[in-house]
Protein chains: 2
Amino acid sequence: MNEIRPVRAKSGTNQEGASAHNRRVMIDALRLNGHLSRADLARATALTKQAVSNIIEELENDGLVASLAAVRKGRGQPSTPYRLVPEGAFAIGLQIDRHVTRTIAVDLIGAVLIRKEVNLPGGGPEEGVDAILALIDETRRELVTTAPEFNDRLVGLGVAMPGPFGIDSATDDPWMMAAWQSFPLLERLSEGTGLDVRLQNDAAAAATAEKMVGAAHGIDHAVCVYLGYGLGAGLILNGELYRGGHGNAGEIGMILSRARVGADDARAPIEHRISIASLCKGLDIDPADPDLYRRIDAAAGSKDRRVTDWIAGAAHELRATIQLLETIFDPQTIILCGGMPPVLANLLIDALHPLLPSIAERRQRSTPRLQLGFTDPWAVAVGAAAEPISRTFDPRFSAILKSRVGGTL
Amino acid sequence: MNEIRPVRAKSGTNQEGASAHNRRVMIDALRLNGHLSRADLARATALTKQAVSNIIEELENDGLVASLAAVRKGRGQPSTPYRLVPEGAFAIGLQIDRHVTRTIAVDLIGAVLIRKEVNLPGGGPEEGVDAILALIDETRRELVTTAPEFNDRLVGLGVAMPGPFGIDSATDDPWMMAAWQSFPLLERLSEGTGLDVRLQNDAAAAATAEKMVGAAHGIDHAVCVYLGYGLGAGLILNGELYRGGHGNAGEIGMILSRARVGADDARAPIEHRISIASLCKGLDIDPADPDLYRRIDAAAGSKDRRVTDWIAGAAHELRATIQLLETIFDPQTIILCGGMPPVLANLLIDALHPLLPSIAERRQRSTPRLQLGFTDPWAVAVGAAAEPISRTFDPRFSAILKSRVGGTL
DNA sequence: GAGTTAAGTCAAGACAATTGACTTATTAAG
DNA sequence: CTTAATAAGTCAATTGTCTTGACTTAACTC
């Protein structure tokens, strides 16, 4: 403690870390493959039968896995497959959006257990946070009351709200939620609930949802393009969500468009053409309109000229963005998701084809270059709730390491 | 073996994996901090003094670390700092470029030990590979002869060549090295040398070099923009080089430009304006000119109008690209590197400022948004050689896991 | 010179995976 | 029907690596 010079180093690990990893690997394998016997797991994880047996027994005692009926499949003793027990854990997701606030609870396999939606009272975050805490508490109580098997099974609270976070320049973008950005939300929620709380932006949450229960399930390299009020991307790289140096990776809405606005060189963010906000502008709807979803749905269904114009513009811009993302990330697939009516999503997907040539054009593709993901407005909340589940149960480098105590010399 | 259904799962780990990780963590900590005592290491890695002591003793026996003179720094027993022993390991890097082939050897700390350059005999890869194997062997022998302490210390061979790899459409880009792309180079090199061989594209190799001995040293999130014959980016994400789903991540040269070529909507790859190849075109030099570097240097130094034009065009395009990369990756810094004369690099860096506004504009930056990295033409070869060192000694998730034996049911 | 602080070692203990032999349950072959 | 082959899974002993807590050593401070 004589010098202030910080020592930079990664953490080491020990048997506990290894064991924790192995438990996560078992859960991950069951999540990906549905059900596997102990022998299957031993082969798949490169562990010995005995090690797997011990771990599975432990997980069974913890109520995280359960056996199914034995299966005869040829010579040899029949195998006993194991599956995840959905009731083994649950997490709460909180989505704070511009006009609504939602809570949701999902179980170990990502299934939705309960959901609630409120309009926050006017005023700022200071007033809102109490309402949020009440909503979370209500969600928690209600679930445990109706399904007591979930008692003591809550692993965390995930929060999703529009980013970017921690940016100096309070941009004058009317769709940014400046007040919430500067509010110490996580601290207040953590204090108020006693839970481990983590924040993601909308796109990251949508990607987390796609990864656990959607099109990105089991895919290690995917870019989820999230089209909401704004535009973002959730980056799944090496099987984990990538956050960037300051938690703002994937804010692709702020990429400057290729199209010039006027005669000068000023270019607008692509979000100004690819977003529900821009569609609202075109349709002359207030984005705060509580009936927004239905109105867009109607307009899209009726082939309103203003919708087709928007689609043409958005598709033009988005095609280039997809080519860009493919070029930069070389992902296995790109997933288009967002809280929009399926009619609109399908029109957009159609308008995006044919895609621009890119390195993603390869003969032996196992997944399409572009797929449609969730369009359910609740997907972001699901992703928010899926994050604590993933953090608690998925294999990841950081879960192996010992938690740092000191870190400075 | 009754079903073909593959079981997808991550590998488990055991004490061996944990131990291997801890050894790597020690080496990484010493690499980052220069020298640390056992007590420092224990604090920094969250391991116990005893565990660190054992590991360091082992590493010392293996000739990878060595102690320095004891340091008195206040009360208590003086500490004995340890440092990496450069002679503890070396790796060979092979750079196959359009007009030259280079080999290099670097030691454990990334210092260059020996380097060689040849022009491959005409003909295709089939003729070339024998010359390459001879060159590698010569490099290896010469080093071990002049510095016998390196005997038996070779950890691998890293190869760098222009990407992208494994793309169907043999593009008609005259700068692609189609013949080499389809040649089973790695297999042949692996057979011929008996070494573990890995391939990177130029930009990835440059980033690997920056990470081990350059501007990205100790930085976990950085994008290295590599300006060579073509344009690419080496992505350092979470402290590791990101390769993408098919090993082609970061091929940003193929991003389509914002500028239209003609009146129609056709757009050229930005590489057509940001690359040495494009500069050659502008200067009317054959990129194969053996005197290329000097001629560009002269032109840049003399403020040749054609050079300033190129710089203006490249800077315009590159500014947008930098804004794009910052927006997508939210890195701690962007490093511009490439095999160009420093005069040119500095002119380009100057022309890039002021940078476009982006989320990277934050008050408490510890690193500049854009820095100049290596411009040495040998940097790619260094990066190629640094890869086996990094793979062997740096902490990484995959190093903890047991190697898969089966994997299918 | 006594007390304090910090680095580092010693020896025993704990933990989780490994090893190799064994049991059990089924199909295949003669 | 019997025997062999095959595969799942268990038992008990072993191993390797980190942890624990007491101890030693070497400096500084008062």
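This is a predicted model, so every value here is computed, not measured. A note on names: the letters A, B, ... follow the listed sequences, proteins ahead of strands, and every chain is numbered from 1.
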Considering only C:dA25, C:dG8, C:dT5, which nucleotide approaches the side chain of B:Arg75 most closely?
C:dT5
Evaluate the criterion salt bridge (Lys or Arg N to Asp or Glu O under 4.0 Å) for residue pair A:Arg391 and A:Asp196; output intermediate values, then yes/no.
CA-CA 11 Å; A:Arg391 179 154 36 89; A:Asp196 199 6; 2.7 Å; yes
Taking the nucleotide of DNA chain D with the closest heavy atom to each, which residue, B:Asn54 or A:Ser37, is nearer the 5' end?
A:Ser37
Distance below 4.0 Å between A:Arg43 side-chain N/O and D:dA8 OP1 or OP2
yes
Selection from C:dA16, D:dA26, C:dA7 that lies nearest to any side-chain heavy atom of B:Lys49
C:dA7
Proximity to the side chain of B:Arg72 - top-ranked nucleotide from D:dC18, C:dA17, D:dC28
D:dC28
Scan nucleotides 11-13 of chain C against the protein and return all N/O pairs shorter than 3.5 Å with their distances rounded to 0.1 Å.
none

Side chain of B:Glu16 (C-beta onward), nearest among C:dA7, D:dT10, D:dT17
D:dT17
Does A:Ser53 or A:Gln15 map to a spot on DNA chain D nearer the 5' end, using the closest nucleotide for each?
A:Ser53
Applying side-chain hydrogen bond (donor to acceptor under 3.5 Å, both in side chains), which residue pairs with at least one partner in residues 210-219 of chain B are found, sequence neighbours left out?
none
Check the phosphate of C:dG8 against B:Thr80, side-chain N and O only, distance under 4.0 Å to OP1 or OP2. Yes or no?
yes
Side chain B:Gln77 and base D:dA27 donor-acceptor under 3.5 Å
no
So, is B:Asn22 close to the D:dT17 phosphate, meaning a side-chain N or O under 4.0 Å from OP1 or OP2?
no
Could you check B:Arg31 against B:Asp394 for salt bridge (Lys or Arg N to Asp or Glu O under 4.0 Å), going step by step and ending with a plain yes or no?
CA-CA 10 Å; B:Arg31 196 193 294 287; B:Asp394 287 352; 3.7 Å; yes
